[in-house]
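Note that the numbering runs from 1 along the sequence shown for the chain. Just so we're clear, the structure is a prediction, and the values are computed from it rather than from any experiment.
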Amino acid sequence: MRLTTYVTERRQTRLVRFLQAVMVGILAVGLLTLNPGIVVNAAVGLLVTFLPAYLERNYKFAMNVGLVLWITVAMFLHAFGTLPLPALDFLSPYSATWWWDHMTHALSSSLVAGVAYATVVALDEHSEFVHMPPKVLFVFMLMFVLAFGVVWELLEFYISVGAGLVGADTVLTQYGLEDTVLDMFYNTVGGLLVAVFGSAHLSGVSRELAARLDARSANR
């Protein structure tokens with residue numbers, strides 16, 4: 001069932017604004033403590049949460065508030081995970097909670113898969129040269145998420161190595177081969193969720209993208 005069955009759009013919008021406000025606070029903590037990991041992750045996450053509003057204001061591309069909440073929750077949990085907490089003896093949730101990294105990887109990969117799904121379905125509806133039967137789309141989604149996961153793991157590795165070489169704090173951390181394997185597994189879980197439930201929750205975005213593509217083609 002859709003989230004809107006239980007939570008009204010107005011309450012979802014308020015929750016988005018609340019989480020964004022907390023992320024501003026996390027960013028402030030990072031700036032005050034001169035912690036680059038907190039600053040970078042909070043700042044990037046905050047920018048991503050404002051992307052739907054930017055697209056609506058500048059390109060008249062509106063997203064369902066439930067999708068905006070999905071994006072915001074994923075970014076918030078990632079930023080919050082870098083924050084040292086007194087309840088965890090001033091360790092961050094990423095360091096102190098074994099499942100936090102897996103949860104955020106599944107959520108983040110579901111966002112990546114959602115973007116890929118909406119884009120491919122829109123191209124399928126718009127172009128006669130692109131045809132994605134359901135089974136092919138399912139496999140494509142998994143392969144795309146896995147490929148993105150590999151690129152992300154390489155990015156984490158090289159950032160960690162680079163930070164170690166210059167003696168700086170790293171903004172992304174790789175904890176070893178076992179952690180990488182688990183990350184890839186939970187990336188796959190996120191991709192599977194979108195592949196299974198994408199048609200129910202992302203069809204509106206796909207139709208909007210297809211309509212934009214059709215309008216652009218008509219104006220040429």
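Under the side-chain contact (heavy atoms from CB on, under 4.5 Å) test applied with R14, the options R17, R10, Q12 reduce to a single match, R10.
Counting heavy atoms from C-beta outward, H105 and V189 have side chains that stay 4.5 Å or more apart. Put simply, the side chain of P84 reaches to within 4.5 Å of the side chain of I38, judged on heavy atoms. Under the 4.5 Å side-chain criterion, counting only non-hydrogen atoms from C-beta, L142 is in contact with L192. Counting heavy atoms from C-beta on, the side chains of P52 and L67 never come closer than 4.5 Å. The closest side-chain heavy-atom distance from L31 to L27 is below 4.5 Å. Looking only at side-chain heavy atoms (C-beta outward), T119 and L123 come within less than 4.5 Å of each other.
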Under the side-chain contact (heavy atoms from CB on, under 4.5 Å) criterion, do T104 and D101 qualify, and how do the steps go? CA-CA 5 Å; T104 55; D101 186 48; 4.1 Å; yes
Would you please test F157 and V161 for side-chain contact (heavy atoms from CB on, under 4.5 Å) and show each step? CA-CA 6 Å; F157 174 77; V161 170; 3.8 Å; yes
Test log, rule side-chain contact (heavy atoms from CB on, under 4.5 Å), inputs L15 and L19: CA-CA 6 Å; L15 181 55; L19 294 177; 4.2 Å; yes
side-chain contact (heavy atoms from CB on, under 4.5 Å) evaluation trace for L107 with L111: CA-CA 6 Å; L107 278 172; L111 290 181; over 6 Å; no
In sequence, state the C-alpha distance, the side-chain angles, and the governing distance for S110 and W70, and then conclude on side chain to side chain donor-acceptor pair (under 3.5 Å). CA-CA 10 Å; S110 71; W70 174 26; 3.2 Å; yes
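Looking at every heavy atom in both residues, G81 comes nearest to S92 through O-CB, 3.1 Å. Across all non-hydrogen atoms, the minimal contact from S109 to G190 is OG-CA, 3.4 Å.
Not one N or O on the side chain of D89 forms a donor-acceptor pair closer than 3.5 Å with the backbone of L91. Looking only at distances, no side-chain donor or acceptor of T97 sits under 3.5 Å from a matching main-chain atom of Y94. The backbone N or O of A79 lies less than 3.5 Å from a partner atom in the side chain of T82, making a donor-acceptor pair. Judged by distance alone, the side chain of T49 and the main-chain N or O of L46 form a donor-acceptor pair under 3.5 Å.
With hydrophobic clusters built from ILVMFWY side chains whose heavy atoms lie under 4.5 angstrom apart, V145 does not share a cluster with V121. Both Y158 and L165 are members of a single hydrophobic cluster when ILVMFWY side chains are connected at heavy-atom separations under 4.5 Å. Cluster annotation: V73 and V48 are assigned to the same hydrophobic cluster (Ile/Leu/Val/Met/Phe/Trp/Tyr, side-chain heavy-atom contacts under 4.5 Å, transitive). Under the 4.5 Å side-chain heavy-atom criterion for grouping Ile, Leu, Val, Met, Phe, Trp and Tyr, V39 is not connected to F80 through any hydrophobic cluster. A continuous path of ILVMFWY side-chain contacts below 4.5 Å connects W100 to W98, so both sit in one hydrophobic cluster.
Between atom CG of residue L154 and atom CH2 of residue W152 there is a gap of 12.0 Å, rounded to the nearest 0.5 Å. Taking CG from L83 and CZ from F90, the interatomic distance works out to 10.0 Å, rounded to the nearest 0.5 Å. Separation of atoms OH (Y186) and CH2 (W99) is listed at 11.5 Å; rounding is to 0.5 Å. For the atom pair H78 NE2 and I26 CD1, the distance stands at 10.5 Å (nearest 0.5 Å). Summarising the geometry, atom CD belonging to E156 is positioned 4.5 Å from atom CD belonging to E153; distances are rounded to the nearest 0.5 Å. Remark: F185 CZ to H102 NE2 distance equals 9.5 Å, nearest 0.5 Å.
Around CZ of F148, the count of heavy atoms belonging to other residues, nucleotides or ligands within 6.0 Å does not exceed 12.
Taking the six-membered ring where the residue is Trp, the centroids of Y54 and F50 are separated by 6.0 Å or more.
Annotation: side chain to side chain contact (heavy atoms under 4.5 Å, CB included) contacts of V139 (sequence neighbours excluded): M143.
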